[in-house]
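As the structure lists them, so they are numbered: ligands from 1, and atoms in each ligand from 1. Everything quoted here is computed from the prediction, not taken from an experiment.
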Amino acid sequence: MAEKDGQLNNNHDLIQTMELPMVDVSILTQDSNEKSIVIKQIQEACQTWGAFQVINHGVSEAVIQAAMEVNRNFFDLPEMMKKEILELGSRDMFSPVKLLTFQRSARGSDLLQRDLVRLYANPFEDFIDFWPTEPADYREKMGRYTKDVRKLGITLFGAIMESLNLGPTHLQENFDKGMHMVIANSYSPPTPESSIKLGAAPHSDHGIIIILRQSSPGLEVLDMADGKWKALPCSEGSLQVLVGDHLELLSNGIYKSVFHRATLSTRTTRMSLASFHNFELDEMVEPATELTGEDCPKRYEGCSTRDLIKHIFSGEVGRLIDRLKI
Ligand SMILES: O=C(O)CCC(=O)C(=O)O
Ligand SMILES: [Fe+2]
């Protein structure tokens with residue numbers, strides 16, 4: 001993999017930027033010879049890096065920026081105005097909308113903190129009424145973004161199934177019904193006297209794929225080839241796609257969910273939008289039988305999205321799918 005010159009991350013460490021393949025999604029929706037090249041590109045990326053980038057993906061820059069902005073405005077609201085959502089979300093970890101300050105520490109290091117608002121978004125009509133009503137344009141702007149990013153998620157899922165030689169419609173109906181969860185992360189600088197450190201501790205994400213946009217760089221991914229943390233690219237027009245735990249499991253370990261982290265010391269608020277595409281909450285996901293056999297035994301026990309989310313909220317160290325390895 002070619003790499004750019006080193007650059008400073010927000011912690012002033014010199015790190016390289018991961019040069020991830022750029023997939024042109026418009027080719028996936030055409031019936032052309034180029035399509036098989038793009039599918040191959042996806043296969044290689046999911047196997048080697050657990051991530052890739054997309055362009056011509058159907059989510060316009062204006063829609064992305066509007067979603068980013070409306071979440072920035074949401075986090076800037078007085079605490080009292082966000083309280084109603086906090087109360088609704090505090091009922092349980094599976095509330096359709098949840099606002100929380102998420103804290104985790106990497107083994108033996110400081111607690112890293114971010115604020116996040118999490119929305120369920122599929123089926124859209126079932127959840128929109130739970131979403132914030134303030135700012136007044138929140139539902140409209142986030143509605144547009146989640147619908148467009150969902151369409152992209154469905155296109156990518158088909159391509160990913162094809163890249164595993166499972167056929168473009170493999171599990172399509174299950175995926176269409178699946179859970180779409182959008183998280184807006186906000187890393188807002190604490191007061192100078194505060195000891196809070198901003199960031200996200202190293203983790204991999206639940207779900208099949210995660211489609212991501214950062215307002216500014218900050219996310220680092222672990223390069224499986226050399227074990228080094230590298231900056232996830234962040235450029236206008238593109239979106240980044242991460243392989244999630246359920247895709248690692250479904251692919252019987254052929255694809256790898258990517259470890260990532262954010263360590264920040266910014267003076268301005270950094271935002272990110274992470275769109276998690278999952279199967280239904282209680283659907284048991286197993287390694288595809290087509291990918292298991294005498295030469296390649298089943299490598300994982302199955303688990304549901306609910307199991308994966310419960311594990312995250314349990315605060316237990318390590319990934320659930322590692323415990324499910326056979
Ligand atoms: O802030 C980011 O760029 C990504 C945050 C993240 O990893 C997540 O929401 O799971
Ligand atoms: Fe993540």
Side-chain angles (χ1 to χ4, degrees), residues 9-11 15 17-18 20 49-54 64 67-68 71-72 74-75 89 93 97-106 111-121 142 145-146 149 153 179-189 196-222 229-236 238-248 256-266 268-278 305 308-313 315 317-321:
N9 72 1
N10 291 318
N11 257 354
I15 62 161
T17 299
M18 190 93 138
L20 292 173
W49 299 291
F52 57 94
Q53 311 189 71
V54 288
I64 297 170
M68 204 67 95
N71 277 293
R72 220 179 257 284
F74 172 76
F75 282 107
M93 68 182 88
V97 51
K98 199 161 176 63
L99 173 67
L100 76 155
T101 298
F102 197 83
Q103 292 184 325
R104 280 284 181 282
S105 62
L111 266 186
L112 294 172
Q113 175 174 307
R114 64 188 145 129
D115 292 311
L116 64 90
V117 59
R118 189 194 73 186
L119 312 170
Y120 285 8
M142 276 304 276
Y145 175 74
T146 56
V149 83
M179 179 201 245
H180 180 203
M181 180 196 271
V182 181
I183 294 182
N185 291 294
S186 168
Y187 304 79
S188 189
I196 287 170
K197 290 221 156 77
L198 292 179
H203 66 282
S204 64
D205 288 334
H206 69 82
I208 297 289
I209 49 169
I210 299 83
I211 302 176
L212 193 88
R213 171 49 90 76
Q214 314 171 70
S215 70
S216 56
L219 197 72
E220 296 171 10
V221 284
L222 188 64
W229 289 102
K230 296 187 180 158
L232 188 78
C234 164
S235 62
E236 220 176 90
S238 68
L239 289 165
Q240 283 65 47
V241 182
L242 308 182
V243 170
D245 290 344
H246 254 164
L247 181 52
E248 176 170 332
K256 303 280 187 263
S257 71
V258 65
F259 274 99
H260 52 285
R261 69 177 188 186
T263 44
L264 306 169
S265 57
T266 51
T268 52
T269 300
R270 173 181 177 273
M271 304 282 300
S272 67
L273 293 172
S275 161
F276 291 68
H277 300 262
N278 306 275
T305 301
L308 289 168
I309 294 175
K310 263 191 184 165
H311 181 77
I312 294 168
F313 279 90
V317 183
R319 302 189 309 167
L320 180 64
I321 59 163

If you measure from CD on Q53 to OG on S235, what distance do you get to the nearest 0.5 Å? 6.0 Å
Report the distance from atom CD of Q214 to atom CZ of R270, rounding to the nearest 0.5 Å. 4.5 Å
R114 N/O under 3.5 Å from ligand 1 N/O: yes
In this structure, atom 1 (O) of ligand 1 is nearest to the protein heavy atom Y187 OH, 2.6 Å
Just wondering, do T269 and M271 contact through their side chains at under 4.5 Å, heavy atoms? yes
Which of the numbered atoms in ligand 1 are below 4.0 angstrom from a heavy atom of D205? 10 (O)
Between D205 atom OD1 and H260 atom NE2, the angle centred on the Fe ion (ligand 2) rounds (to 10°) to 100°
Strictly by modelled atom types, are R319 and S257 linked by a side-chain donor-acceptor pair under 3.5 Å? yes
Measure the acute angle between the ring planes of F276 and H206, then classify it against the limits of 30° and 60° as parallel, tilted or perpendicular. parallel
Closest protein heavy atom to atom 3 (O) of ligand 1, given as residue, atom name and distance to 0.1 Å: R270 NH2, 2.8 Å
Here the atoms of ligand 1 under 4.0 Å from any heavy atom belonging to H260 are 7 (O)
Taking 4.0 angstrom as the limit and counting only heavy atoms of F276, give me the atoms of ligand 1 inside it, by number and element. 10 (O)
With side chains defined as the heavy atoms from C-beta onward, is the minimum distance between V54 and I211 less than 4.5 Å? no
Could you see which bit of L116 sits under 4.0 Å from ligand 1, with heavy atoms only: side chain, backbone, both or neither? neither
Students should be able to answer this: which protein heavy-atom is nearest to atom 4 (C) of ligand 1, and at what distance? L219 CD1, 3.5 Å
Under 4.5 Å between any side-chain heavy atoms of V117 and F75, yes or no? yes
When rounded to the nearest 0.5 Å, the distance separating CZ of R114 from CZ of R104 is 9.0 Å
among protein heavy atoms, the one nearest atom 2 (C) of ligand 1 is S272 OG, 3.1 Å
Looking at H203, the N/O/S atom that lies nearest to the Fe ion (ligand 2) is called NE2
Below a 4.0 angstrom heavy-atom separation, can you tell me which part of F102, side chain or backbone, both or neither, approaches ligand 1? neither
